[in-house]
A.B. asks: 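Would you mind keeping the following structure in view while I ask a few things?
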Amino acid sequence: MDLKKEAQENFITKIINEDNNTGKWGKRVHTRFPPEPNGYLHIGHAKSICLNFGIAKKYNGKCNLRFDDTNPLKEEVEYVESIIDDVKWLGFKWDGKPLYASDYFDKMFDYAVELIKQGNAYVCDLSSDEVRNQRGTLTKPGIESPFRNRSVSENLELFSRMRAGKFQDGEKTLRAKIDVQHSNLNMRDPVMYRILHAEHHRTGNTWCIYPMYDWAHGLEDSIENITHSICTLEFEDHRPLYDWYLNCLNAYHPQQIEFARLNLNYTIMSKRKLKRLVDEGHVDDWSDPRMPTISGLRRRGYTPESIKNFSDAIGVTKRDAIVDVAKLENSLREDLNKKAPRVMGVLEPIKVIITNYPDNEIEYLDAKNNPEDESAGKRKLAFSKEIFIDKNDFMEDPPKKFFRLSPGKEVRLKFAYYIVCENVIKDGNGEITEIHCSYDPNTKGGMSEDGRKVRGTLHWVSAQECIKAEVRLYDRLFMSDNPENNGDFIDDLNPESLSVIKKAKLEASLSTASTKTIYQFERTGYFIIDSKDSSVDNLIFNRAVSLRDSWARLNR
RNA sequence: UGGGGCGUCGUCUAAUGGUAGGACACCUGGUUUUGGUCCAGGCAGUUGGGGUUCGAGUCCCUACGCCCCAGCCA
């Protein structure tokens, strides 16, 4: 995809275009990406990141990275660090330093005092159970708290004692005084502050009261002079509250806009559930290559470009949608096809002996590094009497359309020679141990001068000059397209999501493979060195995605 | 059954009231030293019913379907 291409228009850019026309924000565009540091970012966050940072870029505006760290019980430094890494890796730059909601705790407190003075907030002694019981239901209105009509001075006094740590957790809350009968439950005197004697990863023990999301978020946006506060659909019901707070305070008032979060089939996207996969050991960790986390995708071999292109391709709307994970895979293949260096890698080696090739001879043949990119150049490939090919490239008794090697058939060894299969050697169990072939010396380089054609072209490595490696093949983590559909998603885990090949044979050049480049193993797929477990003594490659395989499709 | 949203090919997404288009997936064929890529083509859609209009995916009414909300989570 053309990287200079402007991101596609969507309903949000239409709003912004209109705002720029009317001069609503003085042609200023300032967004923010506001993750809570309570887990690792996933591909759904990537959509939001691309949206927010993408819009800022498109309109020459700004985008803040802001941690919404208002709940010390769930948040950790490990998460903020991983989030910073992930956003950087995706290639986005935020305006200034990373920001934190916790930096505004003082201001928020002052604003709360302001609200109390207006008579728009009160300290409530009800327990959480009592509040729940009095809130009413979807169809029944709530009833007012007996503490709703405390005087301003009493509220002020109690609120400052809350802050001073005079009360236990849950003993009191500060609530907005709105309307307990409101049809929108969020407006039924929502809690603004709760008491939490917990250590915060940034403010330590400075605070024992912490602001709730609805109270905090609009203030954060307001303080940062955000113009368009983009969030997901489930916050639509919260917008009246977002607006109510900012209106009461007569503060700078950004516009909240909601869009549909990303869903992928065969994938779960909830941080809570992903955390469970990690905690219960169903996967390595947050960066397991089977995880939909950004760090998982990175370790798997996804590129930032592929993720950005994917994000662009799926669009932005308000409809709940489930995107086919094949579309993500397509974005990766599309990107890698252009830039991945080609190499030879035999996953399930079976030995081929070229009977008429001289013993102990090694020749070095030219191989193109990338047919899609001439500038990638060529390399030398060792060829010898004994080579390995992939098990599934040979069939003793093949079906009609099998173009690969079988008794009596001639195929091309890519960049090397044509060979014909003459004999098959088996062990006592009937397992094939060697395939004997003869080669045609006049087909050096893989082309016959007499114009004779072969249907099959195989990848191979020299048995003399090759290296051994572990290869990890990944399949989808879940068996059904909607793992959360019925029952516990853990029961839907795919037992074959990872298959490990211990003794793959790779071309020798891979002994110095770069940990950053993603290689195409010819005819197989795209692979990257595993950033966590691979070492010089024990090379490990992860398969990012297989090549499209119309032969396999034909056999389904 | 309160409130807030949303309904366009299998999937995702476009269409100032004016030929329903693109991508993914799938299927054909061609090219090919990757059964890859690329190229050409095909399949396939406006939730239903009324209305307004010369003309409706778009406007109106109505029915139906789906999603979200009863945390001192975000």
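So you know, we letter chains A, B, ... as the sequences are listed, proteins then strands, and number each from 1.
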A.B. asks: Can you check the A:I12 CD1 to B:rU13 P distance for me, whole Å?
C.D. replies: 13 Å

A.B. asks: At under 4.0 Å between heavy atoms, what does A:T70 touch on the DNA or RNA strands: base, sugar-phosphate, or nothing?
C.D. replies: sugar-phosphate

A.B. asks: On the nucleotide B:rU13, are OP1 or OP2 found under 4.0 Å from the side-chain N or O atoms that A:T317 carries?
C.D. replies: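 The answer is yes; a side-chain N or O of A:T317 sits under 4.0 Å from OP1 or OP2.
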
A.B. asks: Could you classify B:rG71 for me, syn or anti, using a glycosidic angle within 90° of 0 as syn?
C.D. replies: syn

A.B. asks: Considering only the C1' atoms, how many Å lie between B:rU8 and B:rA56, rounded to the nearest integer?
C.D. replies: 14 Å

A.B. asks: Per the atom types in the model, does the base of B:rG36 pair as donor or acceptor with the side chain of A:E372 at under 3.5 Å?
C.D. replies: yes

A.B. asks: Regarding A:K14, tell me which of base, sugar-phosphate or nothing describes its non-hydrogen contacts under 4.0 Å with the strands shown.
C.D. replies: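 The residue A:K14 makes sugar-phosphate contact but no base contact.
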
A.B. asks: Considering only side-chain heavy atoms of A:R194, which listed nucleotide, B:rC73, B:rA70, B:rA14, is closest?
C.D. replies: B:rC73

A.B. asks: Say you pick atom C1' in B:rC64 and the same atom in B:rA25; how far apart are they, in whole Å?
C.D. replies: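 Between the two C1' atoms, the distance is 29 Å.
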
A.B. asks: Mind checking the P distance from B:rC24 to B:rG36? Whole angstroms is fine.
C.D. replies: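 It comes out at 15 Å once rounded to the nearest Å.
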
A.B. asks: Which part of the nucleic acid, if any, lies within contact of A:T457, taking any heavy atom under 4.0 Å across all strands shown: a base, the sugar-phosphate backbone alone, or nothing?
C.D. replies: sugar-phosphate

A.B. asks: Please report the closest heavy-atom contact between A:N155 and A:A121, naming both atoms and the distance.
C.D. replies: ND2-O, 3.7 Å

A.B. asks: Hey, is the side chain of A:D237 pairing donor to acceptor with the base of B:rG3 inside 3.5 Å?
C.D. replies: yes

A.B. asks: Under 3.5 Å for both donor-acceptor distances, Watson-Crick or wobble: does B:rA56 have a partner, and if so which one?
C.D. replies: none

A.B. asks: Does B:rG35 have its OP1 or OP2 closer than 4.0 Å to a side-chain nitrogen or oxygen of A:R523?
C.D. replies: yes

A.B. asks: At 4.0 Å (heavy atoms only), tell me whether A:K368 reaches a base, stays on the sugar-phosphate, or touches nothing.
C.D. replies: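 Here A:K368 touches no strand at all.
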
A.B. asks: Taking for each residue the nucleotide of RNA chain B with the nearest heavy atom, is it A:R404 or A:K74 whose nucleotide lies nearer the 5' end?
C.D. replies: A:R404

A.B. asks: Indicate, with a heavy-atom threshold strictly under 4.0 Å, whether A:D324 touches base, sugar-phosphate, or nothing.
C.D. replies: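 If one applies the 4.0 Å heavy-atom cut-off, A:D324 turns out to touch the sugar-phosphate alone, with no base involved.
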
A.B. asks: Between the base of B:rG71 and the side chain of A:R132, is there any donor-acceptor pair under 3.5 Å?
C.D. replies: no

A.B. asks: Of the nucleotides B:rG36, B:rA74, B:rC72, which has the atom closest to the A:E234 side chain?
C.D. replies: B:rA74

A.B. asks: Parallel under 30°, tilted from 30 to 60°, perpendicular over 60°: which one fits the rings of A:Y439 and A:F383?
C.D. replies: tilted

A.B. asks: Any strand counts, and the cut-off is 3.5 Å on both contacts for Watson-Crick or G-U wobble. Which nucleotide pairs with B:rA23?
C.D. replies: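 B:rA23 is paired, partner B:rU11.
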
A.B. asks: How close or far is atom P of B:rA74 from atom CG of A:D221, stated in whole angstroms?
C.D. replies: 15 Å

A.B. asks: For a quick check of understanding: with a heavy-atom distance under 4.0 Å over all strands, which category does A:Y526 fall into, base, sugar-phosphate or nothing?
C.D. replies: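 Answer is nothing: A:Y526 stays at 4.0 Å or more from every strand.
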
A.B. asks: Indicate whether OP1 or OP2 belonging to B:rC72 is found under 4.0 Å from a side-chain N or O atom of A:R135.
C.D. replies: yes

A.B. asks: Contact class for A:L138 vs. all strands (heavy atom < 4.0 Å): base, sugar-phosphate, or nothing?
C.D. replies: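 Base contact.
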
A.B. asks: Could you give the distance separating B:rU34 and B:rC67 at their C1' atoms, to the nearest angstrom?
C.D. replies: 45 Å

A.B. asks: Looking at A:E236 and A:K318, does any basic side-chain N land under 4.0 Å from a carboxylate oxygen?
C.D. replies: yes

A.B. asks: Considering only NZ, NE, NH1 and NH2 on the basic side and carboxylate oxygens on the acidic side, decide whether A:E144 and A:R188 come within less than 4.0 Å.
C.D. replies: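 Here A:E144 does not pair with A:R188 in a salt bridge, since their nearest N and O are not under 4.0 Å apart.
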
A.B. asks: What's the closest nucleotide to the side chain of A:E36 if the choices are B:rA74, B:rC67, B:rC12?
C.D. replies: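 Selected nucleotide (nearest to the side chain): B:rA74.
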
A.B. asks: Heavy atoms under 4.0 Å, any strand shown: does A:P190 hit a base, just sugar-phosphate, or nothing?
C.D. replies: nothing

A.B. asks: May I ask you to decide whether A:K327 forms a salt bridge with A:D324, counting only side-chain N to carboxylate O separations under 4.0 Å?
C.D. replies: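 The answer is no: the pair does not qualify as a salt bridge.
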
A.B. asks: Between A:A321 and A:R553, which is nearer to the 5' end of RNA chain B once each is assigned its nearest nucleotide?
C.D. replies: A:A321

A.B. asks: With a non-hydrogen cut-off below 4.0 angstrom, is A:P240 in contact with a base, only sugar-phosphate, or nothing?
C.D. replies: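 No contact.
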
A.B. asks: Can you check the A:L241 CG to B:rA74 P distance for me, whole Å?
C.D. replies: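 Rounding to the nearest Å, CG of A:L241 and P of B:rA74 are 13 Å apart.
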
A.B. asks: State which residue, out of A:R148, A:R175, A:K177, fulfils the side chain to side chain donor-acceptor pair (under 3.5 Å) condition with A:D189.
C.D. replies: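 Among the candidates, only A:R148 passes.
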
A.B. asks: State which of B:rG36, B:rA25, B:rG35 makes the closest approach to the side chain of A:L547.
C.D. replies: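 Selected nucleotide (nearest to the side chain): B:rG36.
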
A.B. asks: Quick one: which of A:L506, A:I528, A:N369, A:V343 gives a side-chain contact (heavy atoms from CB on, under 4.5 Å) with A:Y519?
C.D. replies: A:V343

A.B. asks: Please measure how far the C1' atom in B:rC9 lies from the corresponding atom in B:rC27, and state the result in whole Å.
C.D. replies: 15 Å

A.B. asks: Does A:R523 come within less than 4.0 Å of A:D393, counting only side-chain N to carboxylate O?
C.D. replies: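 Counted as a salt bridge, because a side-chain N and a carboxylate O are separated by less than 4.0 Å.
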
A.B. asks: Would you indicate which nucleotide in B:rC12, B:rC72, B:rC24 comes nearest to any side-chain atom of A:N330?
C.D. replies: B:rC24

A.B. asks: Between B:rG35, B:rU13, B:rC73, which one does the side chain of A:W551 approach most closely?
C.D. replies: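 Ranking B:rG35, B:rU13, B:rC73 by closest atom to the A:W551 side chain puts B:rG35 first.
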
A.B. asks: On a whole-Å scale, what distance lies between the P atoms belonging to B:rU46 and B:rG4?
C.D. replies: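 The answer is 30 Å between these two P atoms.
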
A.B. asks: Remember a base hit wins even if backbone is also touched, and classify A:Y193 as base, sugar-phosphate or nothing at under 4.0 Å, heavy atoms.
C.D. replies: nothing

A.B. asks: Considering only B:rG36, B:rC12, B:rC72, which nucleotide approaches the side chain of A:S550 most closely?
C.D. replies: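 Selected nucleotide (nearest to the side chain): B:rG36.
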
A.B. asks: Need the pair for B:rU34. Rule: Watson-Crick or G-U wobble, both distances under 3.5 Å, any strand; none if unpaired.
C.D. replies: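 Checking every strand shown, B:rU34 finds no partner, since no pair has both distances under 3.5 Å.
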
A.B. asks: At under 4.0 Å between heavy atoms, what does A:H238 touch on the DNA or RNA strands: base, sugar-phosphate, or nothing?
C.D. replies: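 A:H238: base contact, heavy atoms under 4.0 Å.
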
A.B. asks: Looking across every strand, which nucleic acid part, if any, lies under 4.0 Å from A:L413 by heavy atom: base, sugar-phosphate, or nothing?
C.D. replies: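 No contact.
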
A.B. asks: Pick the C1' atom in B:rG42 and in B:rU47, then give their distance to the nearest Å.
C.D. replies: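 Between the two C1' atoms, the distance is 27 Å.
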
A.B. asks: What does B:rG2 pair with, Watson-Crick or G-U, if both distances are under 3.5 Å?
C.D. replies: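 B:rC69 is the nucleotide pairing with B:rG2.
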
A.B. asks: Could you please name the option among B:rA14, B:rU34, B:rA74 that lies closest to any side-chain atom of A:E522?
C.D. replies: B:rU34

A.B. asks: If you measure from the Lys or Arg side-chain nitrogens to the Asp or Glu carboxylate oxygens, is any gap between A:K339 and A:E372 under 4.0 Å?
C.D. replies: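 The answer is no: the pair does not qualify as a salt bridge.
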
A.B. asks: Please measure how far the C1' atom in B:rG45 lies from the corresponding atom in B:rG7, and state the result in whole Å.
C.D. replies: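 Comparing C1' positions in B:rG45 and B:rG7 gives a spacing of 13 Å.
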
A.B. asks: Using a 4.0 Å heavy-atom cut-off, does A:E329 contact any base of the nucleic acid, only the sugar-phosphate backbone, or nothing at all?
C.D. replies: nothing

A.B. asks: In whole angstrom, what separates A:D214's CG from B:rA74's P?
C.D. replies: 9 Å

A.B. asks: Using a heavy-atom cut-off of 4.0 Å across all strands, would you classify A:L126 as base, sugar-phosphate, or nothing?
C.D. replies: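 A:L126: base contact, heavy atoms under 4.0 Å.
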
A.B. asks: Would you kindly give the CD1-to-P distance between A:I322 and B:rC66, to the nearest whole Å?
C.D. replies: 14 Å

A.B. asks: May I ask you to decide whether A:D221 forms a salt bridge with A:R66, counting only side-chain N to carboxylate O separations under 4.0 Å?
C.D. replies: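 Here A:D221 pairs with A:R66 in a salt bridge, since their nearest N and O are under 4.0 Å apart.
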
A.B. asks: Side chain of A:R319: nearest nucleotide among B:rC68, B:rC73, B:rA14?
C.D. replies: B:rA14

A.B. asks: With hydrogens left out and only the distance checked, is there a donor-acceptor pair under 3.5 Å joining A:K327's side chain and the base of B:rA23?
C.D. replies: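 Side chain to base: pair present.
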
